[in-house]
K.L.:
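Before I ask anything, let me first share the structure, which is written out below as structure tokens.
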Amino acid sequence: MGIASRGTSHGPTPEYVRASTVVRAADQLLARLLAADAEPELCARAADRLEEGAAAVIRRRPLTPIDATGDTLIRVRMLEDALWRAGPAHDELPVAERARLALPGVALVSSAARLALCTGLAYAAFYLLPVAHSYWIALTAALVMKPDLGSIFSRAVLRSLGTVAGAAIAVVVGALLTTSEGEALAIAVLAACLPWAMARSYLWQAVFLTPLIMLLIDAFVPHESVLDISEARLITTVIGGLIVVVFGYLIWPSQRHPRVDAAFAAAIEALAAYLRGVADGAAAERVTAERRRAYRRLFDTRVHLQRTLSEPPPAGAEAWSWIPLVTAAERIADRITGISALRRPVPRADLVAAADALDDLVGETETAVRSGGELVGPGRA
């Protein structure tokens with residue numbers, strides 16, 4: 001279902017309820033497949049059935065119900081039922097709950113504020129600076145500020161370096177190929193290389209995209225030379241990059257120092273709650289909810305870590321010490337998931353002891369976060 005329709009609905013829609021049911025069923029199947037006592041033969045049959053189910057979804061033709069024998073195949077049958085059968089009706093959410101869910105988070109507001117500030121300054125430069133094609137300043141700021149897993153600082157630097165190299169290529173090509181046929185051949189080669197460059201890195205994308213745009217403008221706007229266009233492109237890109245680095249990065253401490261430790265503490269706390277739910281033999285709905293919360297927190301931690309790795313020193317260098325910790329936490333989550341689906345439960349005392357150890361780690365991490373310090377990761381002790 002579309003995001004727009006989901007945002008204006010007054011509660012869970014049938015599509016949303018069906019998707020939620022499918023996710024829960026898939027979660028139960030994943031837990032069983034990760035269990036240590038999962039039978040290889042049943043897992044193989046489940047894999048074959050899942051491949052058939054994927055093809056059936058593409059064809060939009062349900063399969064004949066499977067003869068479910070064994071925990072693994074029973075969960076496959078539950079997933080197929082969730083895919084092909086209508087779920088129960090749900091009441092609309094209360095007005096207060098809808099309003100709470102519609103409120104933007106702190107990260108979203110902060111990102112919007114940075115983007116608004118940089119865009120405003122870029123448009124001010126557009127009106128005040130006597131630079132040809134000054135609209136490229138605002139374009140550079142918007143592209144560099146796009147919200148993804150990368151670093152704003154790294155994107156600004158890579159775009160500037162790529163533009164310098166691309167402008168040099170455009171000048172050389174424009175000087176050597178003076179005929180329209182030669183320019184057309186150069187444009188075709190650059191356009192063919194662009195998909196490869198975009199898949200490689202942001203730097204290579206700028207290296208190939210810049211001369212492509214310069215040559216296209218030169219071909220369709222004859223009164224402008226490649227040299228003049230490249231000079232304008234270089235100046236506007238550097239100005240836009242400086243605006244982003246200063247006003248979208250340097251003046252915001254949260255951008256210069258992404259707190260991996262805070263995200264890691266939230267992930268470990270979620271893991272401890274997940275493990276206690278398994279140890280207490282909680283209902284399947286609660287265990288599923290705790291599992292999803294734990295994996296969501298681990299994903300958030302991985303996002304923080306990925307963003308920090310591309311930051312300039314010392315943040316980027318320190319982030320490498322967190323990789324073993326985050327990887328270990330993800331393995332713990334998979335291990336808990338496997339334990340939750342065992343036929344013979346692990347002794348409760350062992351699970352409680354492990355949960356207590358996770359709680360102790362949460363306390364140490366929260367203490368470090370409140371004091372403004374950081375946990376000592378591997379290689380830093």
K.L.:
Of all the heavy-atom pairs spanning Ala273 and Glu290, show the shortest one and how long it is.
P.N.:
CB-OE1, 3.6 Å
K.L.:
Quick check for you: to the nearest 0.5 Å, what is the distance between Leu227 atom CG and Ser225 atom OG?
P.N.:
5.0 Å
K.L.:
Please report the shortest heavy-atom distance between Ile152 and Met145, naming the atom on each side.
P.N.:
CD1-SD, 3.9 Å
K.L.:
Any link between Leu158 and Ile213 through a network of hydrophobic side chains (Ile, Leu, Val, Met, Phe, Trp, Tyr) touching at under 4.5 Å?
P.N.:
yes
K.L.:
Would you check if there is a donor-acceptor pair between the side chains of Arg114 and Ser110 at a distance under 3.5 Å?
P.N.:
yes
K.L.:
Would you compute the distance between atom CH2 of Trp320 and atom CD1 of Ile323 and round it to the nearest 0.5 angstrom?
P.N.:
4.5 Å
K.L.:
Does one hydrophobic cluster hold both Ile169 and Leu185, with members joined at side-chain heavy-atom distances below 4.5 Å?
P.N.:
no
K.L.:
Linking I/L/V/M/F/W/Y whenever any side-chain heavy atoms sit under 4.5 Å apart, do Leu212 and Leu143 land together?
P.N.:
yes
K.L.:
Please report the C-alpha distance between Val326 and Leu298 in whole Å, then the side-chain angles of each, then the deciding distance to 0.1 Å, and finally whether the side-chain contact (heavy atoms from CB on, under 4.5 Å) criterion is met.
P.N.:
CA-CA 8 Å; Val326 176; Leu298 287 171; 5.5 Å; no
K.L.:
How many angstroms lie between CD1 in Ile339 and CD1 in Ile332, if you round to the nearest 0.5 Å?
P.N.:
10.5 Å
K.L.:
What I'd like to find out is whether the side chain of Ile137 reaches to under 4.5 Å of the side chain of Phe126, using heavy atoms alone.
P.N.:
no
K.L.:
Provide the closest heavy-atom pair for Ala333 versus Tyr274 in the form atom of the first, atom of the second, distance.
P.N.:
O-CE2, 4.1 Å
K.L.:
Any pair with a residue in residues 165-202 that passes ring-ring contact (aromatic ring centres under 6.0 Å, His included), sequence neighbours left out, goes on the list, sorted by first then second residue, please.
P.N.:
Trp196-Trp204
K.L.:
Hey, any chance Val164 and Val131 share a hydrophobic cluster, counting ILVMFWY side chains that come within less than 4.5 Å of each other, even indirectly?
P.N.:
no
K.L.:
Could you grab the distance from atom CG of Asp359 to atom CD of Glu269, nearest 0.5 Å is fine?
P.N.:
8.0 Å
K.L.:
Grab the two heavy atoms, one from Leu361 and one from Phe264, that are nearest each other, plus how far apart they are.
P.N.:
CD2-CE2, 4.2 Å
K.L.:
Identify the heavy atoms of Leu177 and Gly182 that sit nearest to each other, and give their distance.
P.N.:
CD1-O, 3.3 Å
K.L.:
Does a salt bridge link Arg296 with Asp300, judged by any charged N lying under 4.0 Å from a carboxylate O?
P.N.:
no
K.L.:
Side-chain contact, heavy-atom cut-off 4.5 Å: Met214 with Val173?
P.N.:
no
K.L.:
In this structure, would Val189 and Ile217 fall into the same cluster of hydrophobic residues linked by side-chain contacts under 4.5 Å?
P.N.:
no
K.L.:
Counting only heavy atoms not in Tyr123, do more than 12 sit closer than 6.0 Å to its OH atom?
P.N.:
no
K.L.:
For the atom pair SG (Cys118) and OH (Tyr249), what is the distance rounded to the nearest 0.5 Å?
P.N.:
13.5 Å
K.L.:
Report yes if some heavy atom in the side chain of Arg155 is under 4.5 Å from a heavy atom in the side chain of Phe153; otherwise report no.
P.N.:
no
K.L.:
Is there a side-chain contact between Leu275 and Leu271 in this structure, where contact means two heavy atoms from C-beta onward sitting under 4.5 Å apart?
P.N.:
no
K.L.:
Is a side-chain donor or acceptor of Thr301 paired with a backbone partner of Arg297 at a separation under 3.5 angstrom?
P.N.:
yes
K.L.:
If you round to the nearest 0.5 Å, how far is CG of Leu305 from CZ of Arg302?
P.N.:
6.0 Å
K.L.:
Please list, one pair per line, the donor and acceptor atoms closer than 3.5 Å that link side chains of residues 229-244 to other protein atoms, with sequence neighbours excluded.
P.N.:
| unit_1 | atom_1 | unit_2 | atom_2 | d |
| --- | --- | --- | --- | --- |
| Ser230 | OG | Val226 | O | 2.8 |
| Thr236 | OG1 | Ala232 | O | 2.8 |
| Thr236 | OG1 | Arg233 | O | 3.1 |
| Thr237 | OG1 | Arg233 | O | 2.8 |

K.L.:
Thr210 and Ala167: which non-hydrogen atoms are nearest, and at how many Å?
P.N.:
CG2-N, 3.7 Å
